[in-house]
Amino acid sequence: MIGRLNHVAIAVADLAKAAAVYRDVLGANVSEPVPQPEHGVITVFVTLPNTKIELIAPLGADSPIAKFLERMPDGGIHHVCYEVDDIVGARDALRSRGARVLGSGEPKIGAHGKPVLFLHPKDFCGTLIEIEQA
């Protein structure tokens with residue numbers, strides 16, 4: 001069902017500092033910050049030859065990333081995103097297999113302009129999973 005790894009998201013408290021580490025220390029190609037108000041985050045993408053790293057920082061006090069950073073002030077891996085060919089079909093198949101889809105279960109538009117859904121980490125070895133329409 002899942003396709004290629006789209007990105008690994010890392011929650012950070014200071015987006016500019018984190019972007020500078022990837023750009024200036026690791027020599028990576030780093031995008032400009034983009035607010036994602038529907039998801040309560042600001043994102044920066046680090047483009048790698050085989051995937052991307054998404055640096056995410058809170059956008060507002062009720063951001064889900066703010067809560068994550070309260071528990072882990074130094075930041076850390078927040079989620080892993082896999083591509084799927086048909087997000088609604090994948091959602092239905094996952095639910096039929098007992099997986100919990102977070103939120104309303106209706107796809108939202110993600111940072112790449114494509115439909116996304118999140119899956120409960122307790123169903124996936126403690127990892128929050130994002131699926132994105134390929």
Side-chain angles (χ1 to χ4, degrees):
M1 175 186 319
I2 61 173
R4 71 181 197 95
L5 173 66
N6 184 282
H7 65 268
V8 175
I10 301 173
V12 299
D14 185 334
L15 192 59
K17 181 179 175 183
V21 167
Y22 275 85
R23 183 185 55 249
D24 302 338
V25 178
L26 294 173
N29 180 6
V30 178
S31 75
E32 291 298 318
V34 177
Q36 306 288 334
E38 185 171 318
H39 299 282
V41 298
I42 301 173
T43 61
V44 164
F45 279 94
V46 178
T47 303
L48 304 175
N50 59 343
T51 193
K52 294 178 280 304
I53 301 295
E54 179 185 34
L55 302 175
I56 52 178
L59 181 63
D62 15 325
S63 168
I65 302 307
K67 294 173 187 144
F68 180 92
L69 290 169
E70 284 175 14
R71 294 188 309 274
M72 299 180 66
D74 292 333
I77 293 177
H78 183 262
H79 67 268
V80 177
C81 177
Y82 299 108
E83 294 179 357
V84 296
D85 289 330
D86 172 6
I87 197 160
V88 172
R91 176 201 63 199
D92 295 346
L94 287 158
R95 281 181 169 165
S96 75
R97 296 172 187 165
R100 290 173 280 180
V101 177
L102 298 177
S104 70
E106 291 304 314
K108 291 183 178 181
I109 299 302
H112 297 115
K114 297 179 180 182
V116 299
L117 287 168
F118 285 88
L119 309 175
H120 201 294
K122 289 186 178 179
D123 298 337
F124 296 95
C125 311
T127 303
L128 178 63
I129 301 291
E130 179 182 21
I131 56 173
E132 177 180 287
Q133 179 85 34

Peer 1: Do other residues, nucleotides or ligands put more than 12 heavy atoms under 6.0 Å from the CZ atom of Phe124?
Peer 2: yes

Peer 1: For the CG atom on Asp85, are there more than 12 heavy atoms of other groups (residues, nucleotides or ligands in this structure) within a distance under 6.0 Å?
Peer 2: no

Peer 1: State plainly whether one hydrophobic cluster holds both Ile77 and Leu128, where clusters connect Ile, Leu, Val, Met, Phe, Trp and Tyr through side-chain heavy atoms under 4.5 angstrom apart.
Peer 2: no

Peer 1: List the residues meeting side chain to side chain donor-acceptor pair (under 3.5 Å) with Arg4, not counting sequence neighbours, and say none if there are none.
Peer 2: Glu83

Peer 1: Can you run down the ring pair (Phe, Tyr, Trp, His ring centres under 6.0 Å) pairs that involve residues 47-72, sequence neighbours left out, and say none if there aren't any?
Peer 2: Phe68-His78

Peer 1: Under 3.5 Å, sequence neighbours excluded: what are the donor-acceptor pairs made by side chains of residues 93-122?
Peer 2:
{"residue": "Ser96", "atom": "OG", "partner": "Ala93", "partner atom": "O", "Å": "2.7"}
{"residue": "Arg100", "atom": "NE", "partner": "Asp123", "partner atom": "OD1", "Å": "3.3"}
{"residue": "Arg100", "atom": "NE", "partner": "Asp123", "partner atom": "OD2", "Å": "3.2"}
{"residue": "Arg100", "atom": "NH2", "partner": "Asp123", "partner atom": "OD1", "Å": "2.9"}
{"residue": "Ser104", "atom": "OG", "partner": "Glu106", "partner atom": "N", "Å": "3.1"}
{"residue": "Glu106", "atom": "OE2", "partner": "Arg91", "partner atom": "NH1", "Å": "3.4"}
{"residue": "His112", "atom": "ND1", "partner": "Glu132", "partner atom": "OE1", "Å": "2.9"}
{"residue": "His120", "atom": "ND1", "partner": "Lys122", "partner atom": "N", "Å": "3.0"}

Peer 1: Taking only distance into account, with no hydrogens and no angle test, what donor-acceptor pairs under 3.5 Å do side-chain atoms of residues 8-26 form with protein atoms, sequence neighbours excluded?
Peer 2:
{"residue": "Asp14", "atom": "OD1", "partner": "Ala16", "partner atom": "N", "Å": "3.3"}
{"residue": "Asp14", "atom": "OD1", "partner": "Lys17", "partner atom": "N", "Å": "3.0"}

Peer 1: Please tabulate, for the side chains in residues 44-67, all donor-acceptor contacts under 3.5 angstrom to protein atoms that are two or more places apart in sequence or on a different chain.
Peer 2:
{"residue": "Thr51", "atom": "OG1", "partner": "Leu5", "partner atom": "O", "Å": "3.3"}
{"residue": "Thr51", "atom": "OG1", "partner": "Asn6", "partner atom": "O", "Å": "3.0"}
{"residue": "Glu54", "atom": "OE1", "partner": "His7", "partner atom": "NE2", "Å": "2.9"}
{"residue": "Glu54", "atom": "OE1", "partner": "His79", "partner atom": "NE2", "Å": "3.4"}
{"residue": "Ser63", "atom": "OG", "partner": "Gly40", "partner atom": "O", "Å": "2.5"}
{"residue": "Ser63", "atom": "OG", "partner": "Ile65", "partner atom": "N", "Å": "3.1"}

